[in-house]
Amino acid sequence: MAFQESARVISTEEIAHNTFQVFLNSPLISVAVKSGQFVNILPAPDWEMPMRRPMSVSGVDGSHLGVIFKAVGPGTDLMRDWKIGAEVDLLGPLGNAWHVSEKTPILIGGGVGIAPTWFLHNELKAQGVDHYLIMGSRTANEHFIEHDVGKKLIMCTDDGAFGVSGNVITGLDTIREEIELSTVKLFVCGPAPMMEAVREVAVGENIECEIALETVMACGFGICQGCTMEYVSNGESTDSYRKKFGLVCMDGPVFNAKEIKTCYL
Amino acid sequence: MAFQESARVISTEEIAHNTFQVFLNSPLISVAVKSGQFVNILPAPDWEMPMRRPMSVSGVDGSHLGVIFKAVGPGTDLMRDWKIGAEVDLLGPLGNAWHVSEKTPILIGGGVGIAPTWFLHNELKAQGVDHYLIMGSRTANEHFIEHDVGKKLIMCTDDGAFGVSGNVITGLDTIREEIELSTVKLFVCGPAPMMEAVREVAVGENIECEIALETVMACGFGICQGCTMEYVSNGESTDSYRKKFGLVCMDGPVFNAKEIKTCYL
Amino acid sequence: MLKVKLGNTEFDTPILVASGTYGYGNEVEGLADVSKFGGIITKSVTRLPREGNPPPRIAETAAGMLNSIGLANLGVEGYCKEKMPFLNELATKIIINVAGTTMSDYIETFEILEDHGGNHVGYEINISCPNVKEGGMEFGVSPDMTEELTKELRKRTGRLLIMKLSPNVTCIQDIGLAAEAGGADAVSAINTVVGMGIDVKKRAVKLHTIYGGLSGPAIKPVALACVHKLSKVLSIPIIGLGGISTAEDVLEFILAGSDLVQVGTINYKHPDRGMTICDELIAFCKENDLSNILDIKGQLDK
Amino acid sequence: MLKVKLGNTEFDTPILVASGTYGYGNEVEGLADVSKFGGIITKSVTRLPREGNPPPRIAETAAGMLNSIGLANLGVEGYCKEKMPFLNELATKIIINVAGTTMSDYIETFEILEDHGGNHVGYEINISCPNVKEGGMEFGVSPDMTEELTKELRKRTGRLLIMKLSPNVTCIQDIGLAAEAGGADAVSAINTVVGMGIDVKKRAVKLHTIYGGLSGPAIKPVALACVHKLSKVLSIPIIGLGGISTAEDVLEFILAGSDLVQVGTINYKHPDRGMTICDELIAFCKENDLSNILDIKGQLDK
Ligand SMILES: Cc1cc2nc3c(=O)[nH]c(=O)nc-3n(C[C@H](O)[C@H](O)[C@H](O)COP(=O)(O)OP(=O)(O)OC[C@H]3O[C@@H](n4cnc5c(N)ncnc54)[C@H](O)[C@@H]3O)c2cc1C
Ligand SMILES: Cc1cc2nc3c(=O)[nH]c(=O)nc-3n(C[C@H](O)[C@H](O)[C@H](O)COP(=O)(O)OP(=O)(O)OC[C@H]3O[C@@H](n4cnc5c(N)ncnc54)[C@H](O)[C@@H]3O)c2cc1C
Ligand SMILES: Cc1cc2nc3c(=O)[nH]c(=O)nc-3n(C[C@H](O)[C@H](O)[C@H](O)COP(=O)(O)O)c2cc1C
Ligand SMILES: Cc1cc2nc3c(=O)[nH]c(=O)nc-3n(C[C@H](O)[C@H](O)[C@H](O)COP(=O)(O)O)c2cc1C
Ligand code: FES
Ligand code: FES
């Protein structure tokens, strides 16, 4: 069940270039939320645009709930300027969650898709579950995590300015010698090209893999049917309601990579 | 000729209840503006509504230009929150100006209509021209000028809490013994009912009178033809362009009371 | 103060939720108390299940949104089995929205619903979906076909029969009059306005189907004009919708001549807005000494 | 990079200003440098002077505005005498917008203009003003009348002949095809969308004429859909307009299939926007290695 909650900004910080982490006091949602889920945010009380802005939860700390975002347009610009104490209207928790299995988790994030992997990373750390975290970006100033292969923190930059030179696939390749990929499960969220690249590797090599998709959302809780993704055809007739097209907000955002036809939505 | 000018907020002050006076540094417009004229304001750089907000100029001081306004909606709410140093895009000076004659000026203002009378008042004061200033409001906290009959400053409140008890017509009546109204000229701006009441007195008693009208404006400089007022029919065929309907922004805002069919626009 | 009647059916409030903007009522659990609504109009149901259009299906526009869902729905049989039991238990009135391609389509769906029972109070017939060839638009632009369809459905039900009109026609009054002649209890106006979005960066259309339906505050002026025009020629009631987001918007539609209204796109952002509007309408009645909100219906100066 | 041709006429830039949104070009002195525009389309002129509609004539809406000016203008004779001399001197191309009620109305106005000379490059024929009975809407909703009128005017001029289309019809393509068949050089799409505003406090309509024309960003999706649909059936060029406020909007209209565009409502807020858009379009061409802005015309993925 989802709630509408008037949360309050507790802290706000620029953790990397144009990347902000905000904590909100939201006693209802923070207690219920699981990693992989998201909230749908009203960027300002008088927000005139017809849609809220969906944001993955980046972590919880008691009654505090975190989001990490990049300022890319009118909604996130307002969020960047949130003052401590400001009221923020939230709907959540929304969507499904990551499904951690027996296999070793490899978390892969990039761009605005770092939040749900960061949440899972901290959860696993707290539970003492051994895992890898691979983060990709164009250049150094977009990273906020240390690069430490020993700690299984693998940062990648397209321009090689920090950590591994290359994208997250290169990052993944660097651990192929350490660990058999048939014994791992990937948890992926990031820009569409990144997710698509990982999806191809995962499906091609039959690696277990979950991907958290993103798309435009009007509601975030299943009433508009706007947020569709397309399932891989499973042979049966797909000419049927929610068999061919799934709703990212309800059937996802987390999908099994094998089910996803394309990450470009 | 009008200018588009990027002005800067110099000072901002709440001069009466919910009434603000802001001075803007606007070297081009401030030098050209005459009392009675107005500017058309972009309340914020990213103002999304299709119309600017017209405001009479309340005075000039070198390259500084003043406006006085009440916060009554989205545009004026933003103006209330202007910070010193903020850039404000102005079009101006727009419209015609008051026409002071030999007759003794009696300035009558109320509500958001105090700005152009305040400008004229200070101009006349500087020129040493003897005149009256009558201001009306509902109650005491909307006034920012002293009530001093000796100084010919006559404040009126509907509830009698300050100055003369009654509206501006009552205020006008209080000086009928002092001065023959055939020797005066009225300069009026205020809420429509107030202007309409003064118009009736002026036309009825054949008192010279100019009224600065207000209406919704899309452009403010004559290109939309939206800001119409209706002229009193002058007997001729009025079925002709701009003979029956005048443009408040170009043919006004200041009109001879005798020409105005109604102040309700 | 908010009770209103349509035919013999009394609604607790004049606020309905628009088809396609509230799912099947179960998704909003925890977010809204549906008992405050006059009723819920369900997502269009068709004879057979429909997968709907491929993504992308929605896009934001200035003060509005485009959609091209493509009438994705589980078909009338699935609807009866999976959705009706839940809807039957809801503490609000249910109106089932029906869409189709051909006359027999509409009639078959309709007959299955009537045979199945259920305690819905009526039907809203979508003859105005701009997003699929099969959306009934062929009916919605033709007075003759509208009258014919209305007549056929009228024969088959004693429940409320509401025809939902499209603004994408030269003369909406003609379609409204046809619905009235066919025996409809009311018309709803309006469905979405045909529009299109383009993503310059991608040099691509924003909706897979190229064209979609525009909804939200942007279309409120268009909707008010349609309602007002209809109110001048129809004797059956009008259910007004299009861009309603606030209690003030509702009052505008009632002043324009609506008996009831629907809230649509605003539900996505504020799933509880229909409820808070009801509270504000009650306050408005009290302030203005109205015994019923419809006392101001059509009471427009000029 | 921005030069575009319509028939044999070359425009320096594809940005025109829309009829009724730039007066007669003289009001903007000091506020805009009209030489950066491809051209100015003047306020509709009619056979006789028109006083226009009583106030109020305009109202703000969500991301748009309603207007019902009522074609206030000084009549074709006054226009020739008072406005043409100034317009003839402007460093931009002039297109005269003509409105009328009857066929003979249009023709008479047209003949007076042709006889008078003047160096305007063409005419835009308003058959789509929703605000007055005499606005030509009778023509704008009828393919036959549109074709007939176009033919009559075509006979009488070698200058550009542009028919301005209304979105308030069931099928805009039919009207566009009629204009093409009648010999028009181009069509403009769109004029305003019929709408209405209500002031709840006053319980009154916001426009004296009740209905008016909706313009501004709110209608951009509607306009894009009209332009795109027309581009699929017409072989003559399309001049796109409706809600254009930024260079990105212009690119959307070109991608949808426009050869030229018009800026309208945005002029009121930013009388210089047409100019800054031109600068941005040049920058866009450079960034994208386009030798001409129209290289992307209609280049939509799907
Ligand atoms: C389930 C979900 C979780 C998300 N989690 C996060 C997160 O944790 N951190 C974060 O920064 N962002 C996240 N996003 C994306 C976020 O919603 C958009 O960045 C935001 O809506 C942009 O709003 P805006 O008004 O600032 O910009 P807009 O003007 O709306 O968009 C700016 C640009 O971003 C693109 N965009 C808008 N929405 C999306 C979207 N949903 N997916 C991809 N591109 C989009 C637009 O096409 C445009 O190019 C998430 C989206 C979804 C659906
Ligand atoms: C020539 C001229 C000079 C003006 N000078 C001043 C001034 O010096 N100080 C000042 O405070 N205001 C002045 N106004 C009025 C001012 O323009 C409006 O108060 C302002 O536009 C409101 O904008 P908003 O977005 O805050 O509120 P909106 O939401 O636009 O309006 C709020 C309320 O004010 C009413 N309103 C809006 N515009 C006007 C208007 N033009 N006339 C009357 N009522 C209106 C609306 O109907 C609504 O009820 C002037 C108007 C004109 C035409
Ligand atoms: C995403 C979406 C889906 C819709 N689906 C339907 C539908 O299935 N059947 C229908 O009759 N109307 C449908 N509509 C139209 C709405 O019911 C309504 O007529 C329209 O959105 C205008 O109202 P609004 O501006 O308040 O949203 C849909 C609208 C939206 C935005
Ligand atoms: C106040 C106003 C007056 C207009 N007058 C005319 C006119 O006289 N003739 C005409 O053909 N179109 C007229 N139009 C329509 C515009 O030319 C244009 O088609 C329409 O506004 C849509 O474009 P926009 O959204 O960019 O404004 C007028 C529009 C407005 C807002
Ligand atoms: S966002 Fe509305 S159904 Fe998913
Ligand atoms: S406000 Fe546009 S003409 Fe006066």
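Just so it is clear: chains get the letters A, B, ... in the order the sequence lines come, proteins before strands, and each one is counted from 1.
- In this structure, chain D has a heavy atom under 4.5 Å from the backbone of C/Gln299, while its side chain stays farther away.
- Contact count against chain C (heavy-atom pairs under 4.5 Å) is highest for D/Met196 among D/Lys201, D/Met196, D/Lys220.
- Looking at D/Asn168, its side chain does come within 3.5 Å of a backbone N or O of D/Val194 through a donor-acceptor pair.
- Under a 3.5 Å cut-off, the side chain of C/Asn292 and the backbone N or O of C/Leu294 do form a donor-acceptor pair.
- For a residue to count as touching a neighbouring chain, one of its non-hydrogen atoms must lie under 4.5 Å from one of that chain's; by this rule D/Ile219 does not touch chain C.
- At least one donor-acceptor pair under 3.5 Å links the side chain of D/Asn267 to the backbone N or O of D/Gly264.
- Interface remark: C/Ile254 contributes no atoms to any contact with chain D (heavy atom separation under 4.5 Å).
- In this structure, D/Ser258 contributes its side chain and D/Val261 its backbone to no donor-acceptor pair below 3.5 Å.
- Using a 4.5 Å cut-off between heavy atoms, C/Lys229 contacts chain D through both its backbone and its side chain.
- Each of C/Thr61, C/Val227, C/Val222 has some count of heavy-atom pairs under 4.5 Å with chain D, and the biggest count is that of C/Val222.
- Side-chain N or O atoms of D/Thr21 include none that pairs as donor or acceptor with a backbone N or O of D/Thr265 at under 3.5 Å.
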